[in-house]
S.K.: 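Sending over a structure as structure tokens; questions will come in a sec.
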Amino acid sequence: MTNQSICALATKAGGAIAIIRVSGDDSIAITDQIFQGRKSLTEVKANSVHYGNIIDKEGNTIDDVLISVFHAPHSYTGENSIEINCHGSIYIVKNIIQALIEKGCRQAGPGEYTQRAYLNGKMDLSQAEAVADLIAATNKATHKLALSQLKGHFSSELSTLREQLLKLTSLLELELDFSDHEELEFADRSELQALAEKIDKRITTLAHSFETGRALKNGIPVAIIGKTNVGKSTLLNQLLHEEKAIVSDIDGTTRDVIEDTIDIHGVNFRFIDTAGIRQTEDKVEQIGIKRAYQKLEEATIVLWILDNQPSKEEVLDIQNRSKEKQVIILSNKMDIKPQSSYNFYDFRPFAELQISAKEGIGITELEQKLYEASDIPEIDEDSIIVTSARHYEALIRAKESIERVIEGMKMSLSGDLLAEDLRICLQELADITGGQITTHEVLGNIFKHFCVGK
């Protein structure tokens, strides 16, 4: 990255109002060259807003604008920054950006503003990643998690763990400095082991939260299964409030997997309508049934729809395929089969509900049961739940290192061996917040998924 000033549209193209961001040492001076107002932008106070015109190289007015001026380091990027509020015309935006580029700016890359904020110490790497999560948030839960991470709650937790690890490391390394005096022991091994086990427990808790975080971020997978023509596609359409799947009285209409996501009580659920399970000679339908079983294995929650009594073999088959999953059995078509009650032998599902997918009866109760079955903890802005695969992998490596320390203490290994594993653990935790990251490859991989303008 160079220190050249950058510019980009920070809002959606074609709206009523557009905001163009400019950042860099020369951003104020460059913008001043195309701005006509009561004062030069180089003379105005920081954190102030100014009305005027943006002109092209011939002196023609492109648009009348409001310009916000920020001085380093008190800006999003930590650099001198300008925000140009103009009308949202694509033509106007294109010409303003062109005028800026002609005066020395370049077009910003994806995530370059946030990357500069990180490099200038305005936020750590986990907070920078939270910016992308906040933009991508699609429900209340993911919004709160992103806000929590952006506010530094996760970073603070990691900082506490690192301080505890540094205490362990410093005591062990102090012993190494006085290794000639075997009678000296600065670190009580029992206290050190207790502290290491406490750290291990907290790292484990954070790592285990990734399962919840991933579900919240990607949507909790819910497989809708059952025989042909029992109402799976009708139920999917009812839950989505749109005609997503083809509904027909003909058996085997759904031959492939259909997926879509909806928000229930602030949590995303990813519903998967599968091919009807039956014996068939149709090779295409057989592929669909095979995929249905695959999706059942991937699901966290299973909606098993019935419209008549299942055989014991069917119950055992679903039971075996749904181990460690929450199964909700839905007796469908209650509008034409009131109060249907079936025998499920020894199978104890999470819930049994009477519904009519066609008439929408029982859907509200089903949505409540789905939320309960998801077992998502109450989320607020102070919650610390890992949502990034990069963070999870670093925590797993940190956990392996601290567990080697614990085993080493039990085996009375020398302090130098223990200290080496402690340093590895420290490095893994530091990598999450970017404390030791220097490679452009790692940074590029993180920021390439950002939108241009952020």
S.K.: CG of Asp375 to CD of Gln326: how many Å apart, nearest 0.5 Å?
M.R.: 7.0 Å
S.K.: Please report the closest heavy-atom contact between Leu125 and Ile432, naming both atoms and the distance.
M.R.: CB-O, 3.8 Å
S.K.: Would you say Ser75's side chain and Asn80's backbone share a donor-acceptor pair under 3.5 angstrom?
M.R.: no
S.K.: Could you check whether Lys217 pairs with Asp133 (Lys NZ or Arg NE/NH1/NH2 to Asp/Glu carboxylate O, under 4.0 Å)?
M.R.: yes
S.K.: So do the side chains of Asn53 and Asp63 get within less than 4.5 Å of each other, counting heavy atoms only?
M.R.: no
S.K.: Hey, does Leu145 have a side-chain heavy atom less than 4.5 Å from the side chain of Ile384?
M.R.: no
S.K.: What I want to find out is whether Arg162 reaches Glu428 closely enough, with some N-O distance under 4.0 Å, to be called a salt bridge.
M.R.: no
S.K.: Taking Glu112 for its side chain and Gly109 for its backbone only, find out whether a donor-acceptor pair lies under 3.5 Å.
M.R.: yes
S.K.: When rounded to the nearest 0.5 angstrom, what is the spacing between CG in Leu366 and CG in Leu235?
M.R.: 6.0 Å
S.K.: Any chance CD of Glu102 has more than 12 other-residue heavy atoms, nucleotides or ligands included, within less than 6.0 Å?
M.R.: yes
S.K.: Among all residues two or more places apart in sequence or in another chain, which pass the ring-ring contact (aromatic ring centres under 6.0 Å, His included) test with His265?
M.R.: Tyr371
S.K.: Please check: side-chain N/O of Ser81 versus main-chain N/O of Glu79, any donor-acceptor pairing under 3.5 Å?
M.R.: yes
S.K.: Find out whether Ile97 and Asn95 are in side-chain contact, i.e. whether some heavy atom of one side chain is under 4.5 Å from a heavy atom of the other.
M.R.: no
S.K.: Does a donor on one side chain and an acceptor on the other come within less than 3.5 Å for Tyr76 and Ser23?
M.R.: no
S.K.: To the closest 0.5 Å, what do you measure between CG (Leu216) and NE2 (His143)?
M.R.: 14.0 Å
S.K.: Please check if any side-chain donor atom of Thr300 sits under 3.5 Å from a side-chain acceptor atom of Lys325, or the reverse.
M.R.: no
S.K.: Taking side chain to side chain contact (heavy atoms under 4.5 Å, CB included) as the criterion, tell me which of Ile54, Val49, Asn85 meets it with Ile67.
M.R.: Ile54
S.K.: Of the non-hydrogen atoms in Asn120 and Thr77, which two are nearest, and what is the gap between them?
M.R.: ND2-O, 2.8 Å
S.K.: So, using ring-ring contact (aromatic ring centres under 6.0 Å, His included) as the criterion, who are the partners of Phe35 when residues are at least two apart?
M.R.: none
S.K.: Decide, yes or no, whether a salt bridge links Glu403 with Lys399 under the criterion of side-chain N to carboxylate O below 4.0 Å.
M.R.: yes
S.K.: Can you tell if the side chain of Arg270 reaches within under 4.5 Å of the side chain of Ile220, non-hydrogen atoms only?
M.R.: no
S.K.: Between Lys198 and Gln164, is any pair of side-chain heavy atoms under 4.5 Å apart?
M.R.: yes
S.K.: Distance-only, no hydrogens or angles: does the Gln238 side chain make a donor-acceptor pair with backbone N or O of Ala357 under 3.5 Å?
M.R.: yes
S.K.: Please walk me through it: do Ile19 and Ile84 pass side-chain contact (heavy atoms from CB on, under 4.5 Å)?
M.R.: CA-CA 5 Å; Ile19 298 176; Ile84 303 172; over 6 Å; no
S.K.: Could you go through the side-chain contact (heavy atoms from CB on, under 4.5 Å) check for Leu206 and Leu161 one step at a time?
M.R.: CA-CA 11 Å; Leu206 288 171; Leu161 288 171; 4.1 Å; yes
S.K.: Looking at His391 and Ser126, what are the two nearest heavy atoms and their distance?
M.R.: CE1-CB, 3.9 Å
S.K.: Return the OG1 to CD1 distance between Thr42 and Ile30, rounded to the nearest 0.5 Å.
M.R.: 13.0 Å
S.K.: With a 3.5 Å cut-off and no angle check, do the side chains of Asp421 and Ser401 form a donor-acceptor pair?
M.R.: no
S.K.: Would you say the side chain of Ile62 lies within less than 4.5 Å of the side chain of Ile92, judging by non-hydrogen atoms?
M.R.: yes
S.K.: Find the distance between CH2 (Trp304) and OG (Ser322) and round it off to the nearest 0.5 Å.
M.R.: 8.5 Å
S.K.: Could you tell me whether Lys410 and Glu407 make a salt bridge, using a distance below 4.0 angstrom between a side-chain N and a carboxylate O?
M.R.: yes
S.K.: Between the side chain of Asp263 and the main-chain N/O of Gly266, is any donor-acceptor distance below 3.5 Å?
M.R.: yes
S.K.: Between Val65 and Ile20, is the side-chain contact (heavy atoms from CB on, under 4.5 Å) condition met? List the steps.
M.R.: CA-CA 11 Å; Val65 299; Ile20 297 169; over 6 Å; no
S.K.: With Arg21 as the cation and Tyr113 as the aromatic partner, state whether NZ or CZ is under 6.0 Å from the six-membered ring centre and within 45° of the axis.
M.R.: yes
S.K.: Where the side chain of Glu129 meets the backbone of Gln149, is there a donor-acceptor pair that is under 3.5 Å apart?
M.R.: no
S.K.: Do Ser48 and His50 pair up side chain to side chain, a donor and an acceptor below 3.5 Å, judged on atom types alone?
M.R.: yes
S.K.: Could you tell me which residues satisfy ring-ring contact (aromatic ring centres under 6.0 Å, His included) with Phe271, sequence neighbours excluded, listed by chain and number?
M.R.: none
S.K.: Heavy atoms, side chains only, cut-off 4.5 Å: are Leu239 and Glu367 in contact?
M.R.: yes
S.K.: Just by distance, do the side chain of Thr204 and the backbone of Asp200 share a donor-acceptor pair under 3.5 Å?
M.R.: yes
S.K.: Which heavy atom of Ser27 sits nearest a heavy atom of Ile82, and at what distance?
M.R.: O-CG1, 4.0 Å
S.K.: Applying salt bridge (Lys or Arg N to Asp or Glu O under 4.0 Å) to Arg397 and Glu400, what does each step give before you reach the verdict?
M.R.: CA-CA 5 Å; Arg397 292 192 295 269; Glu400 291 169 352; over 6 Å; no
S.K.: Give me the atom names and distance for the closest heavy-atom approach of Ile396 to Ala207.
M.R.: CD1-CB, 4.1 Å
S.K.: A side-chain contact here means heavy atoms from C-beta on lying under 4.5 Å apart; do Thr433 and Gln127 qualify?
M.R.: no
S.K.: Taking 4.0 angstrom as the limit, do Lys167 and Glu163 come out as a salt bridge?
M.R.: no
S.K.: Tell me the closest heavy-atom pair linking Tyr118 and Asp124, and the distance in Å.
M.R.: CD1-C, 3.8 Å
S.K.: Run the numbers on Val386 and Thr212 for side-chain contact (heavy atoms from CB on, under 4.5 Å), then give the verdict.
M.R.: CA-CA 8 Å; Val386 176; Thr212 298; over 6 Å; no
S.K.: Using a distance-only test with no angle check, is there a side-chain donor-acceptor pair under 3.5 angstrom linking Asp32 and Ser40?
M.R.: yes
S.K.: If I take atom CD1 from residue Ile329 and atom CD1 from residue Ile305, how far apart are they, to the nearest 0.5 angstrom?
M.R.: 11.5 Å
